[in-house]
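These numbers come from the heavy atoms of this one structure, side chains and all, not from hydrogens, waters or symmetry mates. Note that the structure is predicted; figures quoted are calculated from it, not measured. Whatever order the structure lists them in is the order used to number ligands and atoms, beginning at 1.
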Amino acid sequence: MKTLVLMFAVVLLLGIDGSHDVVAQSGDKHEMIRKMLDEVSPERIETNLMKLVSFHTRHTGSDTVSDTRGIGAARRWIFSEMQKYSAESGGRLQVSYHRYVQEPARRIPVATEIVNVIATLPGTQPESTERLYVVSGHYDSICGDQRDIECFAPGATDDASGTVAVMELARVMSKYEFDATIIFMTVAGEEQGLFGAHKWAQDAVDNNWDVHGMITNDIIGSSVADDGSVHPNKVRLFAAGVPPLRENSTFVQSYLRTGGENDMPIRQLARHIKEVGERYVDGMTVDMVYRQDRYLRGGDHMAFVQRGFAAVRFSEPNEDYRHQHAHVREEEGVQYGDLPEFVDFDYIARVARVNGAALSTLAFAPASPDNVKMGLRGLTNDTVLNWDANTEPDLAGYRVVWRETTSPVWQWSRDVGNVTETRMEGLSKDNFLFGVQAVDQDGFTSPAVYPLP
Ligand SMILES: [Zn+2]
């Protein structure tokens, strides 16, 4: 079935482009993604996770001098591993520290240096290299008392799991080239208030970095629920909706006016991730959750969401709170603590592959079209859409997607050619939600854009 869909897409693209090279190239890149995702290694994920646990604690306020204990040792180790991947990539992966001193604040009792480890894989298409996709995990950990900087805080699922997924993606993906830039980020200070992520996201705003999507992986270590049931092929993807502000910005109002509250950029990104994650990672289901995060919890994506970036969060399907933010102890025969014995390394690998599918397709695809508008000249039961032309040289054309207003995901699509306006005859804008995607010559599509009135 999937092969048929792909073949159909290729035939459509032939119609647009007329070149037979496109077909060969198309197969190559999609096969390349599958091959790349196969290289994600559960064994390496296990080795790396056990190494992170071995630092005893990675509390943001813990020892920074020791080479074997505390957050300093942990980040230097992550940095040195990323440098190895960089060497394997011929130096294309660029590894750096991103650091600042956080003055005392709530949950930061003394001035503390917050250090993120950043590995950047620059895009190779000049028109796309400024377009950034970020994937993150937080390497800091806590035990049952978030102020305790000495206690054993293995942080195996929270969030060594996300950290090693990001590291493994950096290792595997940096051997390949993508059009847009991918940033593999492991951050600190999450447990005290997302400090590392806030700093990077603010730097992105201040420097006009063009962040088109951000995915955080936080608590992706276990497929086992607290009732013992196992869900190895599911992952939750948290995707925020309308910002919870007292007054809506004009940007938000423009969506709300026509029922587009479910079609802002974050949810468009989530739909893209679900679609490609399930397409490229056999058997995996990405369960979108249409809310920012779980009750009483937060994550590094929120630092990006607050600044207007499209950012989402992956988490395991059912959390076991005995294994998070808990002192390592046994009580009445029950083992508490965020220990590696509760981690499923194959599961982390599968979630990493979903991330890899999302990042690679986003970074191969053109940018989402700009300035997508719903034509409103007169009353009609057709739908007229227009948008600005993309600039990528490998652009093939555009695809219109649509769905019933109550459907969470796209139901239909039509390739409309390399045009900047189209009329969808007999499809009333009153009855469906529409989106426009840019499509490249290999069949990679951008996340959809909602047509504003
Ligand atoms: Zn966490």
* Asked: Does R307 count as lying over the ring of F309, i.e. NZ or CZ under 6.0 Å from the six-ring centre, within 45 degrees of the axis?
  -> no

* To do: Could you tell me how the ring of H56 sits relative to the ring of F152: parallel (under 30°), tilted (30 to 60°) or perpendicular (over 60°)?
  => parallel

* Side-chain donor-acceptor contact under 3.5 Å, K35 with Y176 -> yes

* Asked: So, E191 and the Zn ion (ligand 1): N/O/S under 2.8 Å, yes or no?
  -> no

* Asked: Which atom, among the N/O/S set of D158, is closest to the Zn ion (ligand 1)?
  -> OD1

* From the Zn ion (ligand 1) out to just under 2.8 Å, does an N/O/S atom of E190 turn up? -> no

* Which atom, counting only N, O or S, brings D218 closest to the Zn ion (ligand 1)? -> OD1

* Does NZ or CZ of R236 lie under 6.0 Å from the centre of the six-membered ring of F314, at an angle within 45° of the ring axis? -> no

